[in-house]
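In what follows, chains are A, B, ... by sequence order, proteins preceding strands, each numbered from 1.
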Amino acid sequence: MTRPVHHPLIDVRDLARTFVRRRRIGRLRRTTDTVKAVHDLSFTIDAGEMVGYIGPNGAGKSTTIKMLTGILVPTSGALTVAGLEPQRDRVELARRIGVVFGQRTTLWWDLPLRDSFDLLQKIYRTGPARHRENLGRFVELLDLQDLLDTPVRQLSLGQRMRGDIVAALLHDPEILFLDEPTIGLDVISKGRLREFLRALNAERATTLVLTTHDLQDIEALCDRVIVIDHGTAVYDGSLTGLHQRGGSTRTLVVDLVDEAPPIDVPGATTRRVEGPRQWLAFPADASAAPVVAAVAAAYDVADLSIQEPAIEDVIRELYSTPPAPPG
Amino acid sequence: MAEIQAEDSLSARGHVGMYAAIAGLWVRAAWVYRTSFVTLVVANGLITGLDAVAIWIMFSQLDLLGGFALHEVALLYGASSLGLGIADTLIGSVERIGEYIRTGRLDQMLTKPLPLLLQVCADQFTLRRLGRITQAAVVFAWAAAYVDWTPARVGVAVVMVVSGGAIFFGLFVTFSCIQFLTKDATEFANAFTYGGATLTQYPLTIFPREVMRSLTFVVPVAFVNWYPCLYLLGRDDPFGLPGWLQLCSPVAAVAMVGVALLTWRAGVRRYTSTGS
């Protein structure tokens, strides 16, 4: 009896990557330290998924992305992306993926945006019709029509990021890797970018792997989160599940008209009081509406705002939650 | 491995075309700042031209340098400077590979479907060296007027310029690869590349025999101009070496470029396997 074998688009098994660091001890002697940047890492990603890959700085995020994109060879373990071995098949893989590093642009600084796009058509040897169609569609979705003839150096950070994303997509990649795509962007730019990525995934089933520090990116885009810490995956599942497991909280900041004793409403606990301003914590997976309604009903409220938990806090809480694994 | 497969999947002509496309965009980008660009070209021509002036001043005090007359030394100088100018233009940013590693630009290039060396060479392509090339061409043309041209000599001259560019190209690439091992080894590399280039501006007869030996067999810059120019001038080898060496520039060029490609591949492999 044969069944069709299921091949995930990205298949990572027992992946490890160690770095050797040389260190001086004494005047002449040197010692080498082996640092495990990534170890015992396993996961699979199917075509069409949108996955958030998160973790604190130095957790091994970039190292993983570099291995997935063929920049770095794994020390051990098995790794296939789109059926290819990333580092061995680097050039072939490059045609099938798009990579955007949030803080670095690949666009020609002094030339109009259009010139960078035209060169990419040559580099990827995209058919002219396909290129025109993609360019038209992406430029429309990202609202870049009027900026195509503007030199890149005159673009805002948000516009440039949108340009970089178009650049990474013109050759119809199956997978788009985004490293901190919303870093430094204002709220409107972030929103527009997220909307575009959702549309891209819906229209073309492009698989999305993004690293981010912004939990709202994950909330808006990813059905699935992989949390990496100290080089290995500590969580793989939905964002809601992550909040539940970590017991993470959102914060309702209430500005009252007058100073008052700590607010007492069901479903929330007051963490801090500072004059007329109070901070109320409630579970991150619960709706804010009942809490807001209860506060508004019982107090004279001047203003309200909600703070999302920071990724670092969520992960810290993930650890502080017993029982900790032995060893 | 990856690089080899890449070479296969894209023809040599495709590579040249791709290099030209990327380089062309950099030239257009530079043209945005026309005044600055023109100033750079002229300044580069003038500064490198000082070397030629130095030689000319030297000859106001003497008739022969190491047994060579002014027009002969000018031929050596012109040929070497032409080769250096061509190579310097073609290698683009190879010298700054260490900086590319630090800033992550190399990582970015590794995600593009082109051989890495092609991308690095085409990156930041600049015609600033046109100044040097023009200046060298003028000196070479003046010196060439004294050469007793035959069809064979014309052939050797053409091969000399191409091989010279290739030898310096190979040298630059090879020594830049040191930066895969240690950061900021540029000064050390320059001692061999630009240092070697400076020595070839003079007849090798003014140096101890060991210099001629190392420039022939270790860092083969003697093949950039010394040996082929002896042929153009119809001279016997002053060190008594066999005459066929004078025709060996293309061999040296192929060997040097081969060494460069191997070193480059080892460097990239080291980078992708150590991440530093």
Chain B contact via A/S62 - which portion, at a heavy-atom distance below 4.5 Å: neither

Selection from A/T18, A/D115, A/T69 maximising heavy-atom pairs under 4.5 Å formed with chain B: A/D115

Over all atoms of both residues, closest heavy-atom pair of B/T111 and A/A94: O-CB, 3.4 Å

Quiz: residues 33-40 of chain A side-chain donor-acceptor pairs under 3.5 angstrom, not counting sequence neighbours:
from: A/D33; atom 1: OD1; to: A/R23; atom 2: NH2; distance (Å): 3.4
from: A/D33; atom 1: OD2; to: A/R23; atom 2: NE; distance (Å): 2.7
from: A/H39; atom 1: NE2; to: A/H230; atom 2: O; distance (Å): 3.2

Minimum-distance pair of heavy atoms, taken over all atoms of A/L72 and B/Y271: CD1-O, 4.1 Å

Residue B/L106 versus chain A: region with a heavy atom under 4.5 Å: neither

Atom pair CG (A/D179) and CG (B/D107), whose distance is rounded to the nearest 0.5 Å: 10.5 Å

Atom pair CD1 (A/I123) and CG (B/L114), whose distance is rounded to the nearest 0.5 Å: 5.0 Å

Straight-line distance of A/D110 CG to B/W31 CH2, nearest 0.5 Å: 14.5 Å

Close side-chain approach of A/R153 to B/V32, heavy-atom, < 4.5 Å: yes

Straight-line distance of A/R104 CZ to B/Q108 CD, nearest 0.5 Å: 5.5 Å

Under 4.5 Å from a heavy atom of chain B, the part of A/L93 involved: neither

Under 3.5 Å: donor-acceptor pair, side chain of A/R90, backbone of B/K112: yes

Which atoms of A/L111 approach chain B - backbone, side chain, both or neither, heavy atom under 4.5 Å: side chain

A/R96 portion near chain B, given a 4.5 angstrom heavy-atom threshold: neither

Option in A/T63, A/I97, A/T105 with maximal non-hydrogen atom pairs under 4.5 Å from chain B: A/T105

